[in-house]
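What follows is a set of notes on a single structure, which appears directly below.
What's counted below: heavy atoms across the whole structure, side chains too, no hydrogens, waters or symmetry copies. Throughout, a chain's letter reflects where its sequence line sits, starting with A, and its residues are numbered from 1.
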2 protein chains.
Amino acid sequence: MKKRIVRIKDIAERAETSKGTVDRVLHNRGRVSEEVREKVLKIIEEMNYEPNFLAQSLKTQRTYQFIALVPDPKTDPYWEAPEIGLAKAEKELRQYGISISRFIFDPHDEESFISRAREATAENPDGLLVAPLFYKEVLPFFKEWENSNIPYVLFNTQIADVNPLCYIGQDSYQSGFLAAKILTFGLPSACTMMVLHINEDLPNSAHLITKEKGFKDYFVKNNLTDKYRVIETEINFVQGESFDEKFGQIISSAGDLKAIYVTNSRAFEIAGYLERNQIKDIKLIGYDLVPRNIHYINNGYIDFVINQNPLGQGYWGIFQLANYLVFKKEIAPIKFLPLDIITLENLEYYLDPEQ
Amino acid sequence: MKKRIVRIKDIAERAETSKGTVDRVLHNRGRVSEEVREKVLKIIEEMNYEPNFLAQSLKTQRTYQFIALVPDPKTDPYWEAPEIGLAKAEKELRQYGISISRFIFDPHDEESFISRAREATAENPDGLLVAPLFYKEVLPFFKEWENSNIPYVLFNTQIADVNPLCYIGQDSYQSGFLAAKILTFGLPSACTMMVLHINEDLPNSAHLITKEKGFKDYFVKNNLTDKYRVIETEINFVQGESFDEKFGQIISSAGDLKAIYVTNSRAFEIAGYLERNQIKDIKLIGYDLVPRNIHYINNGYIDFVINQNPLGQGYWGIFQLANYLVFKKEIAPIKFLPLDIITLENLEYYLDPEQ
DNA sequence: AAATAATATGTGTTCGTGCACATTGTAGGA
DNA sequence: TCCTACAATGTGCACGAACACATATTATTT
């Protein structure tokens with residue numbers, strides 16, 4: 001069952017022509033009579049020719065510059081993970097001539113995003129990976145990139161009605177829906193649950209609203225609105241201010257509160273509060289394996305987190321660009337990463353970055 | 001920041017010698033004076049030479065034959081998934097000269113395993129991927145493979161005190177532990193839980209015993225033995241026999257039964273029973289996304305499954321062989337795949353085989 | 001000292017592809 | 001009829017590594 005590799009030379013022989021001509025047919029370089037062209041195409045089909053990727057890549061020595069337009073990891077530990085994924089992809093893809101430049105912006109500063117995006121565009125890269133945190137600000141760049149035919153991959157934040165090469169991330173709606181399911185599973189009796197947005201600029205964060213909607217819809221779709229009361233709260237945690245006092249008031253006015261669903265990776269703020277006040281009968285669910293969340297999973301104040309796999313988002317984002325540009329694969333426009341449910345007992349298996 | 005690729009020729013120039021000599025140093029082919037050898041090695045180090053994998057692979061045209069010694073998918077749908085993973089790895093690795101032969105055995109017949117393993121060994125492959133279901137029978141083959149220096153990767157069933165290239169699969173103990181956690185989370189009140197082994201030859205299935213131990217230990221370690229009663233049952237489901245009657249008796253004699261933990265992928269047998277008898281207050285947790293389990297997750301009779309990611313096991317198994325033999329990477333001796341918790345609300349994201 | 005053996009080092013071809021360049025073929029204009 | 005223009009086709013080199021083979025250098029024997 002030894003599969004003989006079909007080479008350009010083999011095709012040329014069968015077609016009674018030379019490898020130059022076959023090459024011209026393969027790459028549509030013209031200067032081939034229609035008659036020969038068809039004959040060669042037919043034989044290519046028949047012999048099931050597949051270009052030898054190794055030889056191709058060795059010969060052309062083509063290099064690809066990708067740019068990752070991502071938030072500064074120093075501002076929020078969440079953004080450390082995509083960088084790890086980027087680095088992993090970079091390492092694996094270097095031998096194919098792919099290099100990745102980072103253009104780092106401040107996730108709380110639109111202006112910094114705009115100037116970094118300008119710089120990135122000026123570099124005229126072969127592909128872009130973008131965390132499009134600022135909806136309004138990023139739109140004109142999409143246009144620009146489309147005009148210059150630069151494929152761009154979006155991750156973390158899904159944006160409707162644009163045409164990226166693909167989106168990589170989670171289904172925000174469904175992740176809210178899942179959070180509701182888990183909490184309901186653990187709280188068979190009627191109670192109050194809270195959706196909590198911490199330190200977020202909500203009008204600019206459509207995906208958080210989508211999570212909240214998914215969470216609330218779970219109760220509607222399962223006819224549980226009479227049993228559970230869902231309240232929504234926003235809170236800003238400012239260093240130095242008395243968070244505990246502020247949040248204590250919120251809790252005491254919330255009635256029979258038994259569960260809190262934090263829509264971003266800052267569940268550790270609440271876990272800290274619960275620990276300081278020795279509150280053990282409020283279930284807490286949040287997002288992401290950032291170090292402080294891991295700490296509170298380990299000591300039991302966070303019950304579950306949903307892993308958004310930010311590492312995988314960075315990794316797959318770059319890989320999709322490579323798949324498209326280098327390996328010429330078809331790319332599905334959306335790659336939803338799984339909604340991993342993580343709790344103390346399966347935590348450690350998600351910490352291995354090798355995965 | 002353009003990284004100039006370092007070639008053998010570059011090293012030869014810097015060392016004032018020829019590429020032939022550098023090549024001899026690189027491959028320890030001898031016939032090089034100690035003096036030159038050291039100089040070349042030093043320069044290789046200095047210039048940070050990394051062989052161009054593409055050129056290497058193109059030139060050598062080395063082919064690798066891997067053999068997958070796996071159970072017949074026709075006997076149990078669980079075994080369909082590793083085959084999909086194998087096929088995926090095969091496709092990605094074909095261009096590196098890797099081919100995979102399947103040696104399929106009957107998972108209920110030791111003899112068929114032995115004869116397939118004999119045949120596989122006789123082929124003298126470059127690497128083996130084995131599901132070592134039969135502990136006693138597989139041991140002598142490990143010896144043989146080690147003597148012939150054939151690396152072998154184990155998956156699905158972990159075996160102690162042998163030296164595979166690596167093991168790929170789950171931590172059975174921890175998965176039982178996790179199952180107990182989930183059920184306890186959903187059942188805050190005291191009740192009885194059942195560990196159920198369906199159609200299994202227990203003495204030959206150490207990993208199922210390990211799961212059971214993990215499950216039971218959860219209650220011990222969390223001081224819950226007074227609250228929850230855990231019972232253990234084995235049942236064989238034979239086509240045609242009245243399963244419902246047999247199982248009905250088991251249930252009714254079990255007292256306040258509120259949860260069943262099925263240790264293999266056959267939770268669907270119980271789900272079917274629960275559906276036929278319209279029992280809705282028994283939580284059911286099992287393993288794996290086989291089609292019939294998916295069916296019962298969708299209609300609510302299975303609450304959770306833990307995904308053993310059999311597809312990933314096949315995929316990674318082959319990839320580890322390739323990483324070791326072809327890409328010369330270091331291989332960690334154990335690769336535990338995550339304990340994915342799957343329920344209706346996040347099911348679909350685990351069904352995409354592309355992941 | 002010359003012949004031979006043994007060791008050390010250098011050169012050239014090959015893998016499959018892409019592309020530059022060389023060659024052949026043919027039609028049309030002088 | 002010869003020359004030119006241009007389309008059609010063929011040839012050869014390069015990419016980086018591996019290996020066979022050729023050549024140079026030194027050591028050993030006669």
**Prompt:** Between B:Asp23 (CG) and C:dT11 (P), how many Å, whole number?
**Reply:** 15 Å
**Request:** Figure out the CG/C1' separation between B:Asp10 and D:dA17, and round it to whole Å.
**Result:** 13 Å
**Gap between atoms CG and C1', on A:Leu54 and D:dA17 respectively (whole Å)** = 13 Å
**Request:** For A:Arg31 and for A:Thr21, find the nucleotide of DNA chain D with the closest heavy atom, then tell me which residue's nucleotide is more 5'.
**Result:** A:Arg31
**Message:** Nearest whole Å is fine: how far is C:dG25 P from A:Glu35 CD?
**Reply:** 16 Å
**Prompt:** Would you say D:dA18 has OP1 or OP2 under 4.0 Å from some side-chain N or O of B:His27?
**Reply:** yes
**Prompt:** So, B:Tyr96 versus B:Phe327, ring centres under 6.0 angstrom or not?
**Reply:** yes
**Asked** Looking at A:Val32, A:Ile8, A:Ile11, which hits side-chain contact (heavy atoms from CB on, under 4.5 Å) with A:Thr21?
**Response** A:Val32
**Prompt:** Across the strands shown, which category fits A:Ile8 at heavy-atom distances under 4.0 angstrom: base, sugar-phosphate, nothing?
**Reply:** sugar-phosphate
**Prompt:** Heavy atoms under 4.0 Å, any strand shown: does B:Arg24 hit a base, just sugar-phosphate, or nothing?
**Reply:** base
**Message:** Categorize A:Thr17 for me: base, sugar-phosphate, or nothing, with a 4.0 angstrom heavy-atom threshold over every strand shown.
**Reply:** sugar-phosphate
**Item:** Atom-pair distance (CD on A:Glu50; C1' on C:dT17), nearest Å
**Value:** 15 Å
**Request:** Mind telling me whether B:Phe336 and A:Tyr349 have parallel, tilted or perpendicular rings, with 30° and 60° as the class edges?
**Result:** perpendicular
**Complete:** Rounded to whole Å, the CG-P distance (B:Leu58 to D:dC19) equals 13 Å
**Asked** Across the strands shown, which category fits A:Tyr49 at heavy-atom distances under 4.0 angstrom: base, sugar-phosphate, nothing?
**Response** sugar-phosphate
**Item:** Exceeds 12 heavy-atom contacts within 6.0 angstrom, atom CD of A:Glu35
**Value:** no
**Residue-phosphate contact under 4.0 Å: A:Gln56 side-chain N/O, C:dG18 OP1/OP2** = yes
**Complete:** Which of D:dT9, C:dG18, C:dG10 is nearest the side chain of A:Thr60? It is C:dG18
**Request:** Show your reasoning for whether side chain to side chain donor-acceptor pair (under 3.5 Å) applies to A:Asn147 and A:Glu144.
**Result:** CA-CA 5 Å; A:Asn147 286 337; A:Glu144 216 172 313; over 6 Å; no
**Asked** What is the nucleic acid contact for B:Asn52, judged by heavy atoms within less than 4.0 Å: base, sugar-phosphate only, or nothing?
**Response** sugar-phosphate
**Asked** So, is A:Gln61 close to the D:dG16 phosphate, meaning a side-chain N or O under 4.0 Å from OP1 or OP2?
**Response** yes
**Atom-to-atom span, CG of A:Asn28 to P of C:dC19 - whole angstrom** = 13 Å
**Prompt:** Can you find a donor-acceptor N/O pair under 3.5 angstrom joining the side chain of B:Lys19 to the base of C:dG12?
**Reply:** yes
**Message:** Applying side chain to side chain donor-acceptor pair (under 3.5 Å) to A:Tyr152 and A:Asn163, what does each step give before you reach the verdict?
**Reply:** CA-CA 9 Å; A:Tyr152 58 95; A:Asn163 285 306; over 6 Å; no
**Asked** With nearest nucleotides of DNA chain D determined for B:Leu26 and A:Lys59 from heavy-atom distances, which residue corresponds to the more 5′ nucleotide?
**Response** A:Lys59
**Asked** What is the distance, rounded to the nearest whole Å, between atom CZ of A:Arg37 and atom P of D:dA8?
**Response** 12 Å
**Request:** Using a cut-off of strictly less than 4.0 Å, decide whether A:Ser33 has a side-chain nitrogen or oxygen near OP1 or OP2 of D:dT9.
**Result:** yes
